[in-house]
Amino acid sequence: DGVDQVVFSDVYYSFTAGGGSGIKTLGGDVTVAGDLTIDTDVTISMNTHLLTVTNVTDIDGTLAVAGNTLTLDGTSDIDGTITISTGTVDANGTFDATGGFVTFTDAGNLTLDSTVTSLGTLSTTNGTVTYDAAGDQDIVADVYYSLTAGGASGTKTLGGDVTVAGNLIIDPVVTIAMDTHDLSVT
């Protein structure tokens with residue numbers, strides 16, 4: 001509560017990082033079988049460990065992903081911040097960062113396997129966003145540093161104008177449908 005703490009390696013039914021403030025650092029790999037909630041002004045630092053959430057993830061504070069993997073199998077509601085260094089955030093459920101921040105500080109990855117409502121304020125100087133549903137998927141209108149249309153099949157349809165400042169990669173047998181929108185690679 002309100003102080004820095006270590007989160008023990010374990011399987012939790014549900015997990016709330018609260019207390020009003022402080023950094024909660026993973027002391028080992030953690031699995032949350034239910035919901036994960038990170039309150040405003042609270043940070044979870046994954047350190048060098050894995051974090052897997054099988055149900056809803058609600059981030060109002062900060063989740064710091066270093067060189068490891070954060071697996072989000074349920075719905076993700078990001079009103080706070082996800083910071084990604086060289087690790088990977090693997091979001092397999094609906095992803096909505098409306099009002100939030102997805103910040104890359106290095107060559108990290110965000111993979112999105114379902115419906116994406118918003119990427120919030122997406123940093124444009126590092127990182128790769130991959131739309132990797134095995135089938136059709138919409139690509140959110142935004143400015144990306146690097147963008148991959150993946151998933152080994154299907155059509156990825158632009159939901160608005162898209163700008164890519166770095167690399168644009170399109171997997172074999174994947175098609176990008178521009179609809180009436182612009183795709184700019186600078």
Side-chain angles (χ1 to χ4, degrees), residues 12-18 24 30-46 50-65 68-85 87-105 108-151 154-165 174 176-177 179 181 183:
Y12 296 88
Y13 175 72
S14 288
F15 188 87
T16 298
K24 317 306 180 190
V30 170
T31 298
V32 180
D35 297 345
L36 171 68
T37 302
I38 304 173
D39 290 346
T40 303
D41 297 327
V42 176
T43 297
I44 287 184
S45 173
M46 291 177 55
L50 304 176
L51 175 59
T52 301
V53 183
T54 58
N55 207 358
V56 174
T57 300
D58 182 9
I59 300 173
D60 295 322
T62 300
L63 181 53
V65 181
N68 40 28
T69 300
L70 167 64
T71 303
L72 304 172
D73 288 332
T75 299
S76 301
D77 179 21
I78 316 301
D79 298 318
T81 302
I82 291 181
T83 301
I84 308 166
S85 179
T88 297
V89 174
D90 184 13
N92 297 310
T94 301
F95 189 90
D96 183 3
T98 301
F101 298 85
V102 176
T103 304
F104 290 99
T105 60
N109 297 284
L110 171 62
T111 60
L112 303 162
D113 189 50
S114 187
T115 301
V116 179
T117 303
S118 170
L119 294 172
T121 301
L122 177 66
S123 64
T124 59
T125 56
N126 286 301
T128 299
V129 176
T130 301
Y131 288 84
D132 71 341
D136 297 347
Q137 189 176 22
D138 291 336
I139 296 175
V140 172
D142 215 320
V143 177
Y144 298 83
Y145 178 70
S146 290
L147 175 65
T148 299
T155 300
K156 310 303 179 194
T157 303
L158 300 186
D161 294 343
V162 170
T163 300
V164 181
V174 172
I176 289 186
D179 198 23
H181 306 291
L183 173 61

Of Asn126, Thr128, Val102, Asn109, the residue whose pairing with Ile84 passes side chain to side chain contact (heavy atoms under 4.5 Å, CB included) | Val102
Residues in side chain to side chain donor-acceptor pair (under 3.5 Å) with Asp90, at least two apart?
-> Thr111
So, do Lys24 and Val42 sit near enough that their side-chain heavy atoms are less than 4.5 Å apart?
-> yes
Hey, which of Val56, Asp113, Thr94, Val89 is the one that makes side chain to side chain contact (heavy atoms under 4.5 Å, CB included) with Leu72?
-> Val89
Assess whether side chain to side chain contact (heavy atoms under 4.5 Å, CB included) is satisfied between Thr69 and Thr71, documenting all intermediate values.
-> CA-CA 6 Å; Thr69 300; Thr71 303; 3.7 Å; yes
Under 3.5 Å, sequence neighbours excluded: what are the donor-acceptor pairs made by side chains of residues 115-124?
{"from": "Ser118", "atom 1": "OG", "to": "Gly120", "atom 2": "N", "distance (Å)": "2.9"}
{"from": "Ser123", "atom 1": "OG", "to": "Phe104", "atom 2": "N", "distance (Å)": "2.8"}

What residues form a side-chain contact (heavy atoms from CB on, under 4.5 Å) with Asp41, not counting sequence neighbours?
-> none
Got a sec, which residues hit side-chain contact (heavy atoms from CB on, under 4.5 Å) with Thr31, two or more places apart in sequence or on another chain?
-> Val11, Thr52
Which residues share a side chain to side chain donor-acceptor pair (under 3.5 Å) with Asp60, sequence neighbours left out | none
Of Asn55, Thr75, Thr57, the residue whose pairing with Asp35 passes side chain to side chain donor-acceptor pair (under 3.5 Å) | Asn55
Which residues pass the side-chain contact (heavy atoms from CB on, under 4.5 Å) test with Thr83, sequence neighbours left out?
-> Thr62, Thr81, Thr103, Thr105
Check the pair Ile78, Asp96 against side chain to side chain contact (heavy atoms under 4.5 Å, CB included), reporting the backbone distance first and the verdict last.
-> CA-CA 6 Å; Ile78 316 301; Asp96 183 3; over 6 Å; no
Could you tell me whether the side chain of Thr54 and the main chain of Val32 form a donor-acceptor pair under 3.5 Å?
-> yes
Using the test ring-ring contact (aromatic ring centres under 6.0 Å, His included), find all partners of Phe101 that sit at least two apart in sequence or belong to another chain.
-> none
Exam field: side chain Gln137 to backbone Gly154, donor-acceptor pair closer than 3.5 Å | no
Who passes side-chain contact (heavy atoms from CB on, under 4.5 Å) against Asp77, sequence neighbours left out?
-> Asp58, Asp79
Just do the side chain to side chain contact (heavy atoms under 4.5 Å, CB included) check on Ile44 and Phe15 with the steps written out, would you?
-> CA-CA 11 Å; Ile44 287 184; Phe15 188 87; 4.1 Å; yes
Sequence neighbours excluded and cut-off under 3.5 Å, please list the side-chain donor-acceptor pairs for residues 139-146, or say none.
{"from": "Tyr144", "atom 1": "OH", "to": "Tyr131", "atom 2": "OH", "distance (Å)": "2.7"}
{"from": "Tyr144", "atom 1": "OH", "to": "Val140", "atom 2": "O", "distance (Å)": "2.6"}
{"from": "Ser146", "atom 1": "OG", "to": "Asn167", "atom 2": "N", "distance (Å)": "3.2"}

Partners meeting side chain to side chain donor-acceptor pair (under 3.5 Å) with Asp161 (sequence neighbours left out) = none
Contacts of type side chain to side chain donor-acceptor pair (under 3.5 Å), residue Asp39, not counting sequence neighbours = none
Non-hydrogen side-chain atoms of Val174 and Lys156 separated by less than 4.5 Å = yes
